[in-house]
Amino acid sequence: MSARLPHLTSIRDLDAAAAERILDLAREFFEVSRRPIRKAPSLQGKTIVNLFYEASTRTRTSFELAGKRLGADVVNVSASSSSTTKGETLSDTVANLDAMHADVIVLRHPASGAAHHVATRGRARAAVVNAGDGMHEHPTQALLDAFTLRAAKGTLAGLTVAICGDIAHSRVARSNALLLPLLGARVRLAGPRTLLPHRADALGAEVFDRLEPALAGADVVMMLRIQQERLSGAALPSLREYAREFGLNSSRLALAKADALVLHPGPINRGVELSDELADGPRSAILDQVEAGVAVRMAVLHLCAAGAETPGAR
Ligand code: NCD
């Protein structure tokens, strides 16, 4: 398969052709994951380290399954049980994993720019994949969202995608605002004024401080959780008030197109940004996103590690 991906720290690492290449390859791996024997061992003999400094269910599990379905050896390191608790720096931790010949380091870290730092200024020879860096980016999430939309709608070209909620603290919103337009979609960002980034318009999206105008005629509505852990001060009067103004329910969804899809990267705060009825209803593509996540991460890991170096060459 095609050219190697040296790192994936940001959607800015990709042009439209590179993004399409990942999505096309993910399509093949998606089929593999639906077979009775879910293996496509292109990464046999390769080592992938998942280095997670923040909580994760979907992302960590799907990177692990992705690596294992490709036949790689996968090791999970979580910061709470690593030498980070003894004062080791991120760069030193990465240098140590690198000395063990990791081919890919998948990094989730609370600091924006952590993956880029490790990829460019660290000492790692391994490819670095950003699994979420603070409030900055989460490129594989945007790719799995694009995969889900392409599968459901055929193409992203001409789609209007409303991303709603805590935009300011959301790496998912940022990565999607960069990727979806690259693939031909229009992005709207909506949230309370206190949860919109200062220069939201610089992302090239239409920005709304109310939900309704953002939903009008949308093909896709992506709801986001309030990132309580990143909120400083009183950005919100109360969750109940937030739910009343910005929660998605059936009557609000009726403003969007009749066949509009509901997306959410998870974890959902039910009854806050999304009603149970919609989360579990026929318009929800939320578990399709999760299924796509494994395939997309297989594609990214494959492109980062396959043929990167021949065994024993370094
Ligand atoms: C998101 C994350 O961690 O950035 N979740 C995910 O990766 N699926 C969004 C969130 O935490 O709200």
Side-chain angles (χ1 to χ4, degrees), residues 8-11 26 50-67 76 78-80 106-116 129-149 161-180 189-192 195-197 203 220-232 235-236 239 242-243 246-248 261-274 279 284-298 300-301:
L8 181 59
T9 62
S10 162
I11 291 296
N50 285 329
L51 179 58
F52 276 57
Y53 289 80
E54 274 189 358
S56 174
T57 304
R58 279 154 292 274
T59 306
R60 199 195 55 72
T61 310
S62 61
F63 267 111
E64 181 174 356
L65 285 175
N76 295 309
S78 73
S80 57
V106 179
L107 178 67
R108 168 166 287 195
H109 198 278
S112 300
H116 180 76
V129 176
N130 182 4
D133 61 329
M135 302 187 287
H136 180 231
E137 278 217 48
H138 194 352
T140 59
Q141 177 70 41
L143 285 161
L144 75 86
D145 293 334
F147 183 97
T148 304
L149 296 182
V161 181
I163 305 179
C164 309
D166 181 358
I167 307 294
H169 300 102
S170 176
R171 51 203 181 197
V172 175
R174 199 172 309 276
S175 287
N176 269 299
L178 293 170
L179 178 66
L180 301 182
L189 300 173
L195 295 180
L196 288 170
L203 285 165
V220 180
V221 184
M222 183 186 297
M223 299 308 294
L224 301 172
R225 174 180 73 91
I226 303 276
Q227 305 260 317
Q228 299 278 7
E229 70 274 32
R230 301 188 214 283
L231 278 183
S232 53
L236 275 183
L239 276 187
Y242 177 81
F246 284 93
L248 188 66
L261 280 182
V262 176
L263 264 54
H264 194 304
I268 303 171
N269 287 161
R270 287 172 177 262
V272 181
E273 71 273 11
L274 192 58
S284 166
I286 296 171
L287 294 178
D288 299 325
Q289 291 172 273
V290 177
E291 184 178 11
V294 178
V296 161
R297 288 168 178 135
M298 287 172 83
V300 168
L301 291 175

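Counting convention: from 1, in listed order, for ligands and their atoms alike. The analysis underlying the following values was restricted to heavy atoms, covering all of them including side chains, and did not include hydrogens, waters or symmetry mates.
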With atoms numbered from 1 as shown, which atoms in ligand 1 lie under 4.0 angstrom from a non-hydrogen atom of [X]?
X	answer
R108	2 (C), 3 (O), 7 (O)
R225	10 (C), 11 (O), 12 (O)
T59	6 (C), 7 (O), 8 (N)
P265	6 (C), 8 (N)
H138	2 (C), 4 (O), 6 (C), 7 (O)

### Any P267 heavy atom less than 4.0 Å to ligand 1
yes
### Query
Can you tell me if G132 has a non-hydrogen atom under 4.0 Å from ligand 1?
no
Do any N or O atoms from the side chain of [X] and from the backbone of [Y] form a donor-acceptor pair under 3.5 angstrom?
X	Y	answer
D166	Q227	yes
D133	G113	yes
R174	M135	yes
S175	E137	no

Which protein heavy atom lies closest to [atom], and at what distance to 0.1 Å?
atom	value
atom 4 (O) of ligand 1	R171 NE, 2.7 Å
atom 10 (C) of ligand 1	Q227 NE2, 3.2 Å
atom 9 (C) of ligand 1	G266 O, 3.4 Å

### Task
Validate the cation-pi geometry between R108 and F52: distance from NZ or CZ to the six-membered ring centre under 6.0 Å, angle to the ring axis within 45°.
no
## Note on the structure
Scanning both residues in full, the closest heavy-atom pair of A146 with L180 reads CB-CD2, 4.1 Å
### Task
Could you pull out the closest heavy-atom pair between I167 and P197, with the gap in Å?
CG2-CD, 3.6 Å
